[in-house]
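Order of listing sets the numbers, starting from 1, for every ligand and every atom in it.
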Amino acid sequence: MSVRKYVFLTLLFSLFVQMNLAGHAQSLTRQSLDGAWQFRQVVSDSDARSPAPAVEWMPAKVPGDVHLDLIANKRIPDPFYRDNESKIQWIEKAAWEYRRNIDVTGAMLRHQHLELVFKGLDAASKVYLNGEEIAAPANMFREWRLDVTGKLKSGSNELRVLFPSPIKAAEEVAAKDPWRVRTHTDAKVYVRKAAYEYGWDWGPRFVTSGIWQPVSLEMWDDARIENIFVEQKDISSTVAHLDVQTEVVASKPGLATLSLSYGLKDAEQRTEQRVMLSAGLNRLSLPVNIDKPALWYPSGYGEQPLYSFHAKVSVGGQVVDTADTKAGLRSIVLRRDLDKWGRSFEFVVNGIPVFAKGADVIPFDSFPNRVTTADYRHILQAAKDTNMNMVRHWGGGYYESEEFYSICDELGLMVWQDLMFGNDWQPGTYDFKQNIQQEVEYQMRRLRNHPSIVLWAGNNETELAKEWNGRGNLPADVHEHIWQDYLTEFSGVLAVTAARVDPQTPYWPSSPSADYEDLSDSFQSGDNHDWSVWHGRVDFADYEKHHWRFVSEYGFQSFPEMKTIESFTTPEDRTSIFTPVMLAHQKNGSGNSLIQEYMRRYYGDPKDFASFLYSSQVLQAEAVKTGAESFRRERPRTMGSLFWQLNDCWPVASWSSIDSEGRWKALQYYARRFYAPVLVSPHVEDGSVAVYVVSDHVQAEQAELSLQVMRFDGSIVKQKNLDVQVKPLSSEVVMKVPLSELLDAGVDPADVVVVARLHQGGKVISSNLLYLPPTKKIVLPKVPIDATLAKVATGFDVTLKSAALARSVYLSFGEQDATYSDNYVDLLPGEPVTIHVTSEASLAALQAGMQVRSLSDAFNPTTKGKE
Ligand code: BMA
């Protein structure tokens, strides 16, 4: 057959297809199946020992989980209150089922494709339609798209999802792994589920089940859009070379039109392409070049413009599906160059080496479906407002919602995204590898357009875990086997998936890791988790001995403030930090004793329960401050400081800087200071006070340094001033003065404080106090602090004044909730500080509740030498 004849027939055939299609083309219809469902406990499960098994059908809410539904039906008490956690452990041993009806019309049945789409089933489950089992999903982190074409009938259809006991389900899968008897891998990891549900050293155990993400029925005919990927091929300030890939699933071959409009807010550009679809998945690539693109920058380095992309597929002139996405244009490189210290570990965004400043983020609640947009915004805005530019999304929870990443995009918070593998050793079975590959591919395709995501990290501490829990003593062949499994998964399957699905975003095998170049936790290379302070029980100053390349975890614990403690305790529970309920809300073993041990090491015994809560927060803040400033002074050797942890998922003593009720702890206020873009950081080294100036600014700038040695009554022992040229993106010692020169003869170092301030344009851009002897050797003056409350246009102002030094002055209003422009401030004699307060409460109520507490108030008076 001649070529000419072949082309003519093909065109004739497609024309025929077109005409046929034109008549029928309809756009995809999505019907939500969220909302009211029913649920019950499946009584067949023989050992469902529970006080009042929930056997009858009860109202349920989807998306959600069985714990939330039992709370809503008053079948269980508030899991967070007192020690209720221990009373509801029966739930994980029970099997549960959910059901609802779907009313289907003839018109719906005429669609070529009817698909049930479950965005998230936690976790091992069976799906039944009109009594027929249609699927057995077993991964909480995957989307389950179930073809029910020809299975739905006109009228009412019953959809039911059965969740066996997660504990049993995991045991059953684990039992099938021939290696398990020798690897002793924990059964729970065999079913892909959020690890923190099983409890963590800051979190309670609520092993739940449920339809935790939205469900819908999708009806489509010719084609639907599966995904849009804005691949950022080459980005610079002059031009952005993009490849916009639209993935279209077509039910049969045919001509279609793909049109794409894109742009910043209202500046729209368009491009269009006629395409020949083949049946199945089509990856349609549309190259897009944008001149002088508006680049996305991390917070502190520029704006966060987001381009919108709108794709439309038309068949026979009819739009059959549309899809939207946003993308921020930026180049991101994880630079790991050999240098005099080993190999660097720095994030370079649009050519700027960014010192990562931030914290680790855990799940926002023990029950994901209770987390609101306001919760995300409150915590993430707090991160931005305290000069953070990165959050590490830790690998023991669940991949977050679109909202979380969109807010990070908007705020310029880079996201170090762990894949959801937390600490535990993972199975190496073929099924498991398949399952996690599909999970990670799905999640990366869902999230890859978010400019905030700057790294995919394989897991949390699983490389480290190679030697944990006796694994180091496994027989050599077993140890070799589990290591091979690990490498295959985290430096094989998942690394390859990342490179294929999101080639522009760096992949890192584990946190911490040195990418096998060195043992993880190396000084020379990679990231590390520095737990010498706290878990290692060493002094805060130990941080200064560590020259890490990037610190992705370190931290110290404290208690939440009284109002949060009151939310889960009775007055009897609040008589000591060691009451059973206070201990039930401490998940890190002897954490409360360790706080006390450090308290006695640095300050002494707080005089009462409230003082303990307050001073534990000051202690935590001082500990992390010591680490953060040391890591920043080490720039460019160290290029990141992420402290453990930003948030809490329930009310608990933990490492968080913001408690479960969203109340900032002292650490959050301190973070704004030690993460300031330009930081003055005085430090005692080789018998001198070395004053470092650290800058994250890309421009050089002028500033004036003043260094004072001040007695606690404000009188000045020594003053030094210096004009400083602050270099961009640097850390530098700008002044170094021997202590002997700073302290005149007869001046007791315990009676003075070194005050370093950087002035610019008449304003103090950074100030820092340095105490010379160990804190415990210092007897702080006991002076009344004058606090004046005034109503102002935007709320209230409180002006604090003190005749002598007052450390970590904490302003609060008892029962009244309020937000503070600052808190836990050091008051220097005669230098009033005004804190702006916003609150629903009235002036009178605030006046009545106003309390001001400083460090010296929290401890019974001591006299010099008696400490
Ligand atoms: C690291 C983290 C978490 C843990 C924290 C505090 O291990 O990865 O797993 O909560 O330390 O112990």
Side-chain angles (χ1 to χ4, degrees), residues 186 188-189 193-206 358-366 390-398 415-426 455 457-469 471 490 508-513 519-521 526-538 543 546 548 550-560 585-595 597-598 616 620 623-624 627 640-660 665 667:
D186 192 324
K188 71 173 188 271
V189 290
K193 196 173 174 42
Y196 85 119
E197 291 185 24
Y198 294 90
W200 215 266
D201 58 6
W202 36 259
R205 180 184 177 104
F206 300 125
D360 298 89
V361 167
I362 65 166
F364 285 62
D365 192 307
S366 288
M390 181 179 268
V391 289
R392 169 173 168 246
H393 185 221
W394 169 79
Y398 48 88
V415 177
W416 169 310
Q417 180 65 48
D418 279 6
L419 302 179
M420 290 305 130
F421 302 91
N423 296 44
D424 293 301
W425 201 254
Q426 305 295 324
L455 183 83
N459 60 66
N460 177 66
E461 293 186 348
T462 307
E463 184 183 322
L464 270 183
K466 172 159 83 335
E467 312 303 330
W468 288 357
N469 311 342
R471 245 172 245 109
F490 294 101
W508 188 241
S510 176
S511 182
S513 178
L519 282 181
S520 45
D521 266 357
D527 72 314
N528 89 285
H529 294 181
D530 184 344
W531 283 109
S532 53
V533 171
W534 186 260
H535 290 303
R537 306 178 105 88
V538 300
Y543 283 130
H546 303 161
W548 306 112
F550 191 102
V551 190
S552 44
E553 280 191 19
Y554 67 105
F556 194 90
Q557 279 207 351
S558 71
F559 293 99
H585 287 252
Q586 166 58 264
K587 292 295 179 185
N588 185 212
S590 56
N592 287 11
S593 315
L594 188 50
I595 296 175
E597 181 191 319
Y598 270 103
S616 77
Q620 175 196 33
V624 177
S641 153
L642 307 179
F643 66 73
W644 184 270
Q645 67 205 63
L646 184 62
N647 58 332
D648 273 329
C649 66
W650 79 315
V652 66
S654 82
W655 298 267
S656 70
S657 57
I658 301 176
D659 74 26
S660 59
K665 295 182 180 179
L667 172 54

Are Trp531 and His529 close enough that their ring centres sit under 6.0 Å apart? no
Next on the checklist: Between Asn588 and Trp202, do the side chains contain a donor N or O and an acceptor N or O under 3.5 Å apart?
Outcome noted: no
Given the rule in the salt bridge (charged side-chain N to carboxylate O under 4.0 Å, His left out) test, do Lys188 and Asp424 qualify, once you have shown the distances and angles that lead to the verdict? CA-CA 9 Å; Lys188 71 173 188 271; Asp424 293 301; 3.7 Å; yes
Quiz item: Do any nitrogen or oxygen atoms of Trp655 come within less than 3.5 Å of a nitrogen or oxygen of ligand 1?
Solution: no
Tested for ring pair (Phe, Tyr, Trp, His ring centres under 6.0 Å) against Trp644, the lone hit among Trp394, Trp534, Tyr554 is Trp394
query = Any chance the rings of Phe643 and Phe556 have centres within less than 6.0 Å?
reply = no
Shortest non-hydrogen pair, Ala359 vs Leu646, comes out as CB-CB, 3.9 Å
Under 4.0 Å from one or more heavy atoms of Asn423, ligand 1 contributes atoms 9 (O)
Here the atoms of ligand 1 under 4.0 Å from any heavy atom belonging to Trp200 are 3 (C), 4 (C), 9 (O), 10 (O)
Item to complete: Would you please determine whether Trp394 falls within less than 4.0 Å of ligand 1 on a heavy-atom basis?
Response: yes
Trp202 heavy atoms within 4.0 Å reach ligand 1 at atoms 10 (O)
A student checking ligand 1 against Asn460 at a 4.0 Å heavy-atom cut-off should list atoms 8 (O), 9 (O)
Of all the heavy atoms in His535, does at least one lie under 4.0 Å from an atom in ligand 1?
yes
Ranking Glu553, Gln645, Arg392 by closest non-hydrogen atom to atom 11 (O) of ligand 1, top hit is Glu553
Among non-hydrogen protein atoms, atom 10 (O) of ligand 1 lies closest to Asp201 OD1, 2.5 Å
Are side-chain N/O atoms of Ser654 and Gln557 paired as donor and acceptor at under 3.5 Å?
no
What about His585 and Trp650, are their ring centers closer than 6.0 Å? yes
With heavy atoms and a 4.0 Å threshold, my read on which part of Asn588 contacts ligand 1 is neither
One finds that the ligand 1 atoms under 4.0 Å from a non-hydrogen atom of Glu461 are 1 (C), 7 (O), 8 (O)
